[in-house]
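I have placed the structure first, in the form of structure tokens, so that the comments after it can refer back to it.
Only this structure's heavy atoms are used, side chains among them; waters, hydrogens and symmetry mates stay out. Throughout, numbering of the chain's residues begins at 1 and tracks the sequence.
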Amino acid sequence: MEHVQNPFALHLNSGIPVVDALSEWDERIEKKLSDTIEALRRAGHLELIVDLSRVMVTPLAAVSWLGELARISRSLTAHFGRLDVVVRTDMMRTLAAQGSQSSGARVYWASSEDEAVCHIKRIPRAAGGPRPSAHLAA
């Protein structure tokens, strides 16, 4: 893979900062993510979303950076914040199981950025089922 100058993109979704990972995962990316989130926390952003859905990481390699996510989560929850992490659905069960064995830090998993926003804003999100349609009479 070619070298990526900036491994992250930052945008707001409903007022919540979202950090998108744009390259393959390695120690350099892990450090840069920690620094980025720490800068956002110092700026007063305590509710954050990290989108890792585009990163190709095998579940076995995920163990190495799961500890870093737990550390970041502890830092945010110490200030009454929250960290939601967006991952592909094929990795969610593995990561959640590994995360439940971590050192008490709570990392919230989501399968999409919209789901993470709903978690943080405490907005119910319909998942599946029939969708009613409405037709307006002319």
Side-chain angles (χ1 to χ4, degrees):
M1 182 172 183
E2 66 185 45
H3 179 67
V4 177
Q5 283 297 95
N6 189 356
F8 299 107
L10 183 65
H11 68 275
L12 292 175
N13 186 337
S14 300
I16 301 168
V18 179
V19 180
D20 284 312
L22 303 174
S23 66
E24 296 301 317
W25 197 265
D26 62 16
E27 292 80 21
R28 180 182 61 88
I29 301 299
E30 189 173 305
K31 173 74 171 116
K32 182 84 169 159
L33 176 64
S34 297
D35 294 346
T36 301
I37 290 177
E38 183 60 24
L40 288 168
R41 190 187 65 75
R42 284 188 193 144
H45 296 285
L46 299 177
E47 295 172 327
L48 300 172
I49 298 171
V50 175
D51 188 346
L52 301 177
S53 61
R54 292 184 201 98
V55 175
M56 294 304 296
V57 178
T58 62
L60 295 176
V63 176
S64 66
W65 54 267
L66 194 58
E68 182 61 20
L69 289 176
R71 189 196 67 73
I72 291 168
S73 180
R74 278 192 302 275
S75 172
L76 291 172
T77 55
H79 295 91
F80 303 102
R82 177 183 170 123
L83 174 67
D84 274 59
V85 180
V86 178
V87 294
R88 295 184 320 271
T89 53
D90 62 328
M91 290 184 63
M92 191 174 295
R93 283 193 180 121
T94 304
L95 292 171
Q98 292 170 353
S100 65
Q101 300 166 359
S102 70
S103 56
R106 179 104 193 240
V107 177
Y108 296 90
W109 303 105
S111 60
S112 70
E113 194 176 306
D114 291 336
E115 182 181 352
V117 169
C118 289
H119 288 168
I120 290 172
K121 299 268 185 188
R122 292 173 175 76
I123 299 170
R125 181 174 174 265
R131 291 186 176 180
S133 61
H135 298 282
L136 300 176

Verdict with reasoning, Ser75 to Arg41, per side-chain hydrogen bond (donor to acceptor under 3.5 Å, both in side chains): CA-CA 9 Å; Ser75 172; Arg41 190 187 65 75; 3.2 Å; yes
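- Residues Leu52 and Ile37 fall within the same hydrophobic cluster, defined by Ile, Leu, Val, Met, Phe, Trp and Tyr side chains chained together at heavy-atom separations under 4.5 Å.
- Side-chain contact check for Arg82 versus His119: some heavy-atom pair is nearer than 4.5 Å.
- Taking Ile, Leu, Val, Met, Phe, Trp and Tyr as hydrophobic and joining them when side-chain heavy atoms fall under 4.5 Å apart, one finds Ile123 isolated, its cluster having no other members.
- No path of Ile, Leu, Val, Met, Phe, Trp and Tyr side chains, each step under 4.5 Å between heavy atoms, connects Leu48 with Val86, placing them in separate hydrophobic clusters.
- Taken from CG in Leu83 to CD1 in Ile120, the straight-line distance is 8.0 Å, to the nearest 0.5 Å.
- Here the CG atom belonging to Asp84 is positioned 8.5 Å from the CD atom belonging to Glu115, to the nearest 0.5 angstrom.
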Candidate pair Val107 and Ser73, rule side chain to side chain contact (heavy atoms under 4.5 Å, CB included), full reasoning: CA-CA 6 Å; Val107 177; Ser73 180; 4.0 Å; yes
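- By the rule that hydrophobic residues join a cluster once side-chain heavy atoms approach within less than 4.5 Å of another member, Leu33 and Val55 end up as members of one cluster.
- Counting only N and O atoms by type, the side chains of Asp114 and Ser112 include no donor and acceptor under 3.5 Å apart.
- Residue Tyr108 is found outside any hydrophobic cluster, as its side-chain heavy atoms come under 4.5 Å of no other Ile, Leu, Val, Met, Phe, Trp or Tyr.
- Interatomic distance, Lys31 NZ to Thr36 OG1, rounded to the nearest 0.5 Å: 10.0 Å.
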Working for side chain to side chain contact (heavy atoms under 4.5 Å, CB included), residues Glu38 and Ile72: CA-CA 8 Å; Glu38 183 60 24; Ile72 291 168; over 6 Å; no
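- Under a hydrophobic clustering in which Ile, Leu, Val, Met, Phe, Trp and Tyr are joined whenever their side-chain heavy atoms come within less than 4.5 Å, directly or via other members, Leu40 and Ile49 fall into different clusters.
- Connection of Val50 to Trp109 is established within a shared hydrophobic cluster, with ILVMFWY side chains joined at heavy-atom distances below 4.5 Å, either directly or through further cluster members.
- No side-chain heavy atom of Ser111 sits under 4.5 Å from any side-chain heavy atom of Arg88.
- In terms of heavy atoms, Pro17 sits closest to His45 at CG-ND1, 3.4 Å.
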Side chains of residues 7-14: which donor-acceptor partners sit under 3.5 Å, not counting sequence neighbours?
from  : atom 1 : to     : atom 2 : distance (Å)
His11 : ND1    : Asp20  : OD2    : 3.1
His11 : NE2    : Glu113 : OE1    : 3.4
His11 : NE2    : Glu113 : OE2    : 3.0
Asn13 : ND2    : Glu113 : OE2    : 2.7

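- Summarising the geometry of Leu22 relative to Arg54, their closest heavy-atom pair is CD2-NH1, 4.3 Å, with the distance given to 0.1 Å.
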